[in-house]
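Just so you know, ligand 1 is whichever comes first in the structure, and atom 1 is the first atom listed for that ligand. Owing to the predicted nature of the structure, the values given are computational and were not obtained by experimental measurement.
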Amino acid sequence: MIIGVPTEIKTEENRVAVTPAGVTAFAARGHKVLLQKGAGLGSGLTDRAYEAAGAIMVESAREVWEKVEMVMKVKEPQESEYPLLRQGLILFTYLHLAANESVTRALLDRKVTAIGYETIQLDDGSLPLLAPMSEIAGRLSIQVGAWSLQAENGGRGILLGGASGVRPAKVVILGAGMSGSAACQVGAGMGAYVSILDINPTKLRYIHDILGGHLTTLMSNRANIEEEVMDADLVIGSVLIPGAQAPKLISRGLVRRMKPGAALVDISIDQGGCVETSRPTTHREPIYIEENVVHYCVTNMPAIVPNTSTYALTNATLSYGLQLANRGFLQALARDKALAKGLNTYNGKIAHEGVANAFNMPWTAAEEIIRS
Ligand SMILES: NC(=O)c1ccc[n+]([C@@H]2O[C@H](COP(=O)([O-])OP(=O)(O)OC[C@H]3O[C@@H](n4cnc5c(N)ncnc54)[C@H](O)[C@@H]3O)[C@@H](O)[C@H]2O)c1
């Protein structure tokens with residue numbers, strides 16, 4: 001198979017979908033990788049390193065998209081990339097379609113076979129291609145949350161770990177999955193007072209067991225959310241219902257009742273966000289203030305640490321990319337149930353139930369598509 005890797009064009013997106021080691025792995029199985037010149041530079045990966053690994057370097061994104069059977073990317077196609085989408089092309093990338101009707105329509109209109117990293121799901125419910133980026137976003141959420149709390153950014157001017165004789169900040173985390181538990185570890189490690197809420201008691205028990213007395217675990221329900229959020233200096237939104245829009249757990253009314261200058265980092269903004277007042281921001285202008293609360297809602301947080309993120313991402317995506325290339329799309333999905341859950345659109349149809357529900361549109365199960 002010929003695999004294409006264009007340069008990412010989303011604002012401040014410096015990750016790249018395949019490393020030189022990935023090119024070597026594809027080449028070892030007889031595949032070719034076409035890479036846009038400079039695609040790896042943001043992650044510190046030179047064209048020379050890619051060439052040495054056997055990549056075919058091309059000047060423009062158009063050449064990549066037009067000449068390949070599968071495009072591997074990091075972020076969803078941007079509007080200027082829509083004209084490059086075409087029938088039968090396999091697009092393997094983060095999509096987050098439930099929160100993005102425009103991309104969904106473009107993929108359907110152009111009959112792209114789109115497989116979303118974020119909906120590939122193992123039998124135990126875990127999301128192997130979301131996990132590495134969630135871990136990074138979770139760790140970053142405390143870093144950017146601490147920054148948002150600084151006075152010059154409109155925050156309460158409170159240091160997460162406090163000082164001798166002075167209380168630490170209170171961090172409230174909604175969702176104890178991959179990103180929430182990573183935020184929890186860093187927050188507790190920085191000396192903040194942390195409480196974390198989830199609807200899944202197993203997740204809470206795990207965090208309670210590993211971090212013990214440094215934090216409070218609480219069942220996520222309306223009363224607990226309200227009480228915790230109103231008392232918080234920093235709130236981290238890290239909930240997920242796979243493939244669907246994030247549930248709105250914090251209403252505008254509740255934001256209004258938060259402490260003035262408190263900060264909110266809505267990691268789940270890529271699925272629409274779990275706070276009513278959240279709207280997507282970019283790394284160029286990451287924060288805004290609404291109802292006296294500093295909001296940080298960047299949809300591609302790991303992009304600011306591209307060195308770490310590119311390696312963490314490609315460690316997870318490569319084996320699935322190889323399956324698609326080695327077996328072809330239909331065979332690969334037929335043999336791997338987790339990969340089949342990644343199918344979001346095919347030949348003008350929505351293949352993921354959560355995405356279809358988000359737009360009130362019909363869906364065709366991936367199994368049906370594979371069988372037909
Ligand atoms: N903004 C970014 O740059 C960025 C980067 C990576 C991941 N994300 C997003 O972060 C979100 C979380 O991802 P994850 O990998 O941590 O997911 P995860 O599945 O590991 O964890 C989500 C948790 O939310 C919990 N949950 C669901 N409904 C809840 C509710 N009502 N109250 C409390 N908890 C609830 C689930 O039980 C689960 O434990 C996703 O939307 C993901 O796409 C964003």
Q | Residues Lys203 and Asp198 bridged, charged N to O under 4.0 Å | A | no
Suppose I only count heavy atoms of [X] and a 4.0 Å limit; which atoms of ligand 1 are within that range?
X      : answer
Leu249 : 30 (C), 31 (N), 32 (N)
Thr299 : 1 (N), 2 (C), 3 (O)
Asn300 : 3 (O)
Gln271 : 41 (O)
Lys203 : 38 (C), 39 (O)
Leu130 : 15 (O), 42 (C), 43 (O)
Ser179 : 12 (C), 13 (O), 14 (P), 16 (O)
Met133 : 6 (C)

State, without any angle test, whether [X] and [Y] hold a side-chain donor-acceptor pair at a distance under 3.5 Å.
X      : Y      : answer
Ser141 : Tyr296 : no
Ser43  : Thr310 : yes
Tyr346 : Thr364 : no
Ser268 : Gln271 : no
Glu8   : Asn14  : no

Identify, for [atom], the protein heavy atom at the shortest distance, and state residue, atom and that distance.
atom                    : answer
atom 35 (C) of ligand 1 : Val239 CG1, 3.5 Å
atom 22 (C) of ligand 1 : Leu240 N, 3.4 Å
atom 20 (O) of ligand 1 : Met178 N, 2.8 Å
atom 7 (C) of ligand 1  : Ser134 OG, 3.3 Å
atom 33 (C) of ligand 1 : Ser220 OG, 3.2 Å
atom 37 (O) of ligand 1 : Asp198 OD1, 2.6 Å
atom 5 (C) of ligand 1  : Ala137 CB, 3.4 Å
atom 8 (N) of ligand 1  : Asp270 OD2, 3.3 Å

Below 3.5 angstrom, do we get any N/O pair linking [X] and ligand 1?
X      : value
Val298 : yes
Ile267 : yes
Pro302 : no
Ser268 : no

Q. At the 4.0 Å heavy-atom cut-off, does Ser238 count as touching ligand 1?
A. yes
Is the backbone of [Y] close enough, under 3.5 Å, to the side chain of [X] for a donor and an acceptor to pair up by distance?
X      : Y      : result
Thr281 : Pro286 : yes
Thr277 : Arg252 : no
Thr345 : Val112 : yes

Q) Is any side-chain heavy atom of Glu276 less than 4.5 Å from a side-chain heavy atom of Val255? A) no
Q: Go through the steps to decide whether Asp231 and Lys170 satisfy the test salt bridge (Lys or Arg N to Asp or Glu O under 4.0 Å), and finish with yes or no.
A: CA-CA 7 Å; Asp231 192 35; Lys170 175 163 178 172; 3.2 Å; yes
Q. Just heavy atoms, cut-off under 4.0 Å: does His96 contact ligand 1 by side chain, backbone, both, or neither?
A. side chain
Q | Tyr206, OH: over 12 other non-hydrogen atoms inside 6.0 angstrom | A | no
Q) Hey, is CD on Gln78 packed in by over 12 heavy atoms from elsewhere, all under 6.0 Å? A) yes
